[in-house]
Peer 1: 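Have a look at this one before I ask anything.
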Amino acid sequence: VMNRLMFVPASGPKGTGEYFRSLNIAKILTANRNDLDILFLLSRDSAGASHCPFPKILLPDTPTFSQAEVAAALESF
């Protein structure tokens with residue numbers, strides 16, 4: 001059984017705190033379990049866009065302002 005977790009931190013070109021907190025949680029969880037399917041939804045302009053080690057969907061803006069894309073990702077995930 002695969003367990004799915006989606007992280008949707010507020011992300012943009014400036015603030016990174018929420019992304020890095022989410023990233024740390026994801027790393028800790030995967031260090032202890034191998035049955036997790038993790039996906040990040042991130043602004044394409046965020047710090048995590050280029051170096052997030054987990055599968056990701058890049059959004060045109062912060063998730064707060066990318067509601068249609070977030071809804072589509074939730075539906076497909």
Side-chain angles (χ1 to χ4, degrees):
V1 171
M2 184 64 72
N3 294 299
R4 294 179 170 184
L5 293 171
M6 182 183 291
F7 289 89
V8 190
S11 58
K14 293 185 181 182
T16 59
E18 209 170 310
Y19 164 70
F20 283 110
R21 281 188 292 279
S22 297
L23 181 61
N24 284 334
I25 292 168
K27 286 180 177 180
I28 290 166
L29 289 171
T30 56
N32 296 312
R33 297 181 61 167
N34 60 3
D35 65 338
L36 296 176
D37 183 14
I38 292 179
L39 177 67
F40 275 75
L41 301 186
L42 301 167
S43 165
R44 64 177 173 228
D45 297 323
S46 69
S50 61
H51 68 74
C52 181
F54 293 96
K56 61 191 171 265
I57 294 175
L58 298 180
L59 306 170
D61 203 339
T62 182
T64 305
F65 298 119
S66 301
Q67 294 174 4
E69 294 86 353
V70 171
L74 285 167
E75 183 128 348
S76 67
F77 192 64

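Hydrogens, waters and symmetry mates play no part in the numbers below; they use all other heavy atoms, side chains included. For clarity, every value in this text was computed on a predicted model and none was experimentally measured.
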Peer 1: How many angstroms lie between atom CD1 of Ile57 and atom CZ of Phe40, to the nearest 0.5 angstrom?
Peer 2: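 Nearest 0.5 Å value for the CD1-CZ distance: 12.5 Å.
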Peer 1: I'd like to check the side-chain contact (heavy atoms from CB on, under 4.5 Å) partners of Phe20; sequence neighbours left out, ordered by chain and number.
Peer 2: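 Once residues adjacent in sequence are excluded, the partners of Phe20 under the side-chain contact (heavy atoms from CB on, under 4.5 Å) criterion are Thr16, Leu23, His51.
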Peer 1: If every non-hydrogen atom of Asp37 is compared with every non-hydrogen atom of Phe77, which pair is closest and at what distance?
Peer 2: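 Of all heavy-atom pairs spanning Asp37 and Phe77, the closest is O-CZ, 3.5 Å.
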Peer 1: So how far is it from Leu29 CG to Asn34 CG, rounded to the nearest 0.5 Å?
Peer 2: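 If we round to the nearest 0.5 Å, Leu29:CG and Asn34:CG are 12.5 Å apart.
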Peer 1: In a check of side-chain contact (heavy atoms from CB on, under 4.5 Å) between Thr30 and each of Asp35, Ile25, Leu5, Ile38, which one passes?
Peer 2: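 Among the candidates, only Ile38 passes.
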Peer 1: Look up atom CZ in Phe54 and atom CG in Leu42, then write down how far apart they are to the nearest 0.5 Å.
Peer 2: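 Going from CZ on Phe54 over to CG on Leu42, the span is 11.5 Å.
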Peer 1: Give a yes or no on whether Tyr19 and Phe7 share a hydrophobic cluster (residues Ile, Leu, Val, Met, Phe, Trp, Tyr; joining criterion: side-chain heavy atoms under 4.5 Å apart).
Peer 2: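 Both belong to a single hydrophobic cluster.
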Peer 1: Working to the nearest 0.5 Å, report the span between CG of Leu39 and NZ of Lys56.
Peer 2: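 Nearest 0.5 Å value for the CG-NZ distance: 10.5 Å.
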Peer 1: Within the side chain of Ser66, is there an N or O that forms a donor-acceptor pair under 3.5 Å with the backbone of Asp61?
Peer 2: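 Yes; at least one donor-acceptor contact below 3.5 Å.
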Peer 1: Determine the minimum heavy-atom distance between Ser43 and Ala49, stating which atoms define it.
Peer 2: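 In this case the closest contact between Ser43 and Ala49 is O-CB, 3.7 Å.
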Peer 1: Taking all heavy atoms of Glu69 and all of Leu59, pick out the closest pair and write down the distance.
Peer 2: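 In terms of heavy atoms, the two residues are closest at CB-CD2, 3.6 Å.
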Peer 1: Which pair of non-hydrogen atoms, one from Pro9 and one from Ser22, has the smallest distance, and what is that distance?
Peer 2: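 In terms of heavy atoms, the two residues are closest at CB-OG, 3.8 Å.
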Peer 1: How close do Lys27 and Pro53 get, counting heavy atoms only, and between which atoms?
Peer 2: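 Closest pair (atom of Lys27, atom of Pro53, distance): CE-CG, 4.2 Å.
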Peer 1: List the steps, then state whether side chain to side chain contact (heavy atoms under 4.5 Å, CB included) holds for Leu74 with Met6.
Peer 2: CA-CA 8 Å; Leu74 285 167; Met6 182 183 291; 3.6 Å; yes
